Chemist: 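Attaching a single structure in structure tokens format; questions to follow.
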There are 2 protein chains.
Amino acid sequence: MDVFEAAAEPNRRHLLGLLAERDRTAGELVDSLPTLTQPAVSRHLRVLREVGLVEVRPDGQRRIYALKPDGLQRIDDWITPYRRFWRDHLAAPRLETP
Amino acid sequence: MDVFEAAAEPNRRHLLGLLAERDRTAGELVDSLPTLTQPAVSRHLRVLREVGLVEVRPDGQRRIYALKPDGLQRIDDWITPYRRFWRDHLAAPRLETP
DNA sequence: GGCTTATATAAGCGCAAACGTATACCAGTG
DNA sequence: CACTGGTATACGTTTGCGCTTATATAAGCC
């Protein structure tokens, strides 16, 4: 699994959104997704860990998750050339438009 | 399938890359992925069409594919808030680093 | 009209993702 | 030490993606 697939999952994007606000314990993140069970969220966190999008530090018996900046930057690097593309085409979508 | 899942597939990102250079016929795109069969590429193009990342126009018996700017912009909109995040954290990764 | 070229769809298969239930692993607390 | 709370892993199941082979559709050409 790479960064793109990891970020493609809505629940994982939800987790990333929360971690962008501030660091959170695994428990808080579990509570933020009431439709999922604790193991399900734990596995999403593992995926985010493995692709380098988040990092964990232990705090007693809890685990505190934090966003890792460089992970998302890889997606941003990919998008960058396209950004130029739509900046050119957006104002004047088609030259041959009547 | 949404834009994120569509862009998560490496072969589809390859196709988007080619279409960012210039419009291409379906046949050119098929030839650009020698490890895949023609139907496989055709299905990838269908996915990209359905999520609004590309558009097609017929040219005789060929189909010419073109990149649609607004599709990728939706991913960019999602990334934007995170960009601020790593701009803040990248220069000084951790305050408590020894 | 018949034949070829270009592209899309259909059918079927294998595999990996995502989930829930059950369980293991620690760390704290009495 | 026994027990509880917080988190991760194991396991089995379902579901959907991506692939190939085979076929349909449609345009161009003789």
Side-chain angles (χ1 to χ4, degrees), chain A residues 1-19 22-68 71-72 74-75 78, chain B residues 1-19 22-68 71 75 78:
Chain A
M1 169 110 42
D2 67 348
V3 192
F4 290 90
E5 293 177 36
E9 218 281 331
N11 292 315
R12 287 197 285 263
R13 283 203 304 280
H14 170 84
L15 295 173
L16 293 175
L18 292 180
L19 294 176
R22 55 178 153 87
D23 298 359
R24 314 246 181 181
T25 66
E28 288 181 277
L29 297 171
V30 168
D31 294 344
S32 77
L33 285 169
T35 66
L36 294 188
T37 61
Q38 176 266 322
V41 178
S42 185
R43 264 181 287 100
H44 281 305
L45 290 171
R46 178 216 259 256
V47 170
L48 294 175
R49 244 184 294 138
E50 286 174 349
V51 302
L53 283 175
V54 305
E55 62 189 358
V56 205
R57 58 177 191 275
D59 174 40
Q61 80 187 123
R62 327 212 166 173
R63 301 269 188 149
I64 299 185
Y65 280 82
L67 199 59
K68 275 187 75 175
L72 279 169
R74 278 190 280 160
I75 300 184
W78 172 75
Chain B
M1 169 115 36
D2 66 349
V3 190
F4 290 90
E5 293 176 34
E9 219 280 332
N11 292 315
R12 286 196 286 262
R13 283 204 303 279
H14 170 85
L15 295 173
L16 292 175
L18 292 181
L19 293 177
R22 55 177 153 88
D23 298 358
R24 313 247 182 182
T25 67
E28 288 181 278
L29 298 170
V30 168
D31 293 344
S32 78
L33 286 168
T35 66
L36 295 189
T37 60
Q38 176 265 322
V41 178
S42 186
R43 292 198 64 122
H44 282 308
L45 290 172
R46 176 214 260 257
V47 170
L48 293 175
R49 244 184 295 138
E50 286 174 351
V51 302
L53 282 174
V54 305
E55 61 188 358
V56 205
R57 60 177 188 276
D59 174 39
Q61 80 187 124
R62 327 212 166 170
R63 301 268 186 151
I64 299 184
Y65 280 83
L67 198 59
K68 275 187 75 174
I75 300 185
W78 172 76

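Small disclaimer: the values here were computed from a predicted structure and weren't measured. Below, chains carry the letters A, B, ... as their sequence lines are ordered, and counting in each starts from 1.
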Chemist: What integer distance in Å separates B:Asp2:CG from D:dC17:P?
Modeler: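 Going from B:Asp2 (CG) to D:dC17 (P), I get 11 Å.
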Chemist: Quickly work out the B:Arg57 CZ to C:dA8 P distance and round it to whole Å.
Modeler: 14 Å
Chemist: Identify, between A:Gly60 and A:Val47, the residue whose nearest nucleotide on DNA chain C lies closer to the 5' end.
Modeler: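 Its nearest nucleotide lies further toward 5', so the answer is A:Val47.
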Chemist: Do any side-chain nitrogens or oxygens of A:His44 fall under 4.0 Å of OP1 or OP2 in C:dA17?
Modeler: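 For C:dA17, neither OP1 nor OP2 has a side-chain N or O of A:His44 closer than 4.0 Å.
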Chemist: Starting at the 5' end of DNA chain D and moving along, which residue's nearest nucleotide shows up first, B:Val41 or A:Gly27?
Modeler: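 Residue closer to the 5' terminus by nearest nucleotide: A:Gly27.
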Chemist: Mind calculating the distance between CG (B:Leu15) and P (C:dT7) to the nearest angstrom?
Modeler: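 Those two atoms, CG and P, are 13 Å apart.
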Chemist: Is any side-chain heavy atom of B:Arg49 less than 4.5 Å from a side-chain heavy atom of B:Val54?
Modeler: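 The answer is yes; the side chains approach within 4.5 Å.
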Chemist: Please tell me which of the listed nucleotides, D:dG18, C:dC19, D:dT21, lies nearest to the side chain of B:Arg12?
Modeler: D:dG18
Chemist: Among the nucleotides D:dG18, C:dC19, D:dT7, which one has an atom lying closest to any side-chain atom of A:Glu9?
Modeler: C:dC19
Chemist: Hey, which of these two, B:Thr35 or A:Leu45, hits DNA chain D nearer its 5' end, going by closest nucleotide?
Modeler: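 Upstream on the strand: A:Leu45.
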Chemist: I want to confirm an ordering. Mapping A:Gln61 and A:Glu5 to their closest nucleotides on DNA chain C, which one lands closer to the 5' end?
Modeler: A:Glu5
Chemist: Measure from the side-chain heavy atoms of B:Arg63 and tell me the nearest of D:dA8, C:dA8, D:dG18.
Modeler: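 The answer is C:dA8, which lies nearest to the side chain.
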Chemist: For A:Asp2, is there an ion pair with A:Arg74 - N to carboxylate O distance below 4.0 angstrom?
Modeler: no
Chemist: Whether B:Tyr65 contacts C:dA6 is assessed here as follows: a side-chain N or O lying under 4.0 Å from the phosphate OP1 or OP2. Is that the case?
Modeler: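 Indeed not, no polar side-chain atom of B:Tyr65 lies that close.
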Chemist: Of the listed nucleotides (D:dC19, C:dT7, C:dC19), which one gets closest to any side-chain atom of A:Arg43?
Modeler: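 Output: C:dC19.
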Chemist: If you only use heavy atoms from C-beta on, which nucleotide in D:dG18, C:dA18, C:dT9 is closest to the side chain of B:Met1?
Modeler: D:dG18
Chemist: Check the distance between C:dT7's C1' and B:Arg24's CZ and give it to me in whole angstrom.
Modeler: 18 Å
Chemist: Out of C:dT5, C:dA22, C:dG20, which has the shortest distance to the side chain of A:Pro39?
Modeler: C:dA22
Chemist: On a plain distance test, is the side chain of B:Gln38 in donor-acceptor contact with the base of C:dA6 below 3.5 Å?
Modeler: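 Answer no: no donor N or O sits under 3.5 Å from an acceptor.
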Chemist: From the list D:dT7, C:dT7, D:dC19, which nucleotide is the closest neighbour of the side chain of B:Ala26?
Modeler: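 Among D:dT7, C:dT7, D:dC19, the one nearest the side chain of B:Ala26 is C:dT7.
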Chemist: In plain terms, say whether A:Glu28 and A:Arg62 are close enough for a salt bridge, that is, a side-chain N and a carboxylate O under 4.0 Å apart.
Modeler: no
Chemist: Given D:dG6, C:dA6, D:dT20, which nucleotide is nearest the side-chain atoms of B:Arg62?
Modeler: C:dA6
Chemist: Considering only C:dG20, D:dT7, C:dA27, which nucleotide approaches the side chain of A:Thr25 most closely?
Modeler: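 Nucleotide nearest to A:Thr25's side chain: D:dT7.
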Chemist: Does a side-chain N-to-carboxylate-O contact under 4.0 Å join B:Arg24 and B:Asp31?
Modeler: no
Chemist: How close or far is atom P of C:dC19 from atom CZ of A:Arg46, stated in whole angstroms?
Modeler: 15 Å
Chemist: Starting at atom CD of B:Glu50, determine the distance to atom P of C:dT9, rounded to an integer number of angstrom.
Modeler: 9 Å
Chemist: Would you call B:Val3 and B:Trp78 a side-chain contact if the rule is heavy atoms closer than 4.5 Å?
Modeler: no
Chemist: B:Ser42 side chain N/O closer than 4.0 Å to the phosphate oxygens (OP1, OP2) of C:dT7?
Modeler: no
Chemist: What integer distance in Å separates A:Leu33:CG from C:dG20:C1'?
Modeler: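 Going from CG in A:Leu33 over to C1' in C:dG20 covers 15 Å.
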Chemist: Round to a whole Å and report the spacing from CG of A:Asp31 to C1' of D:dG6.
Modeler: 11 Å
Chemist: Taking NZ, NE, NH1 and NH2 as the nitrogens, is one of them in A:Arg46 or A:Glu50 under 4.0 Å from a carboxylate oxygen of the other?
Modeler: yes
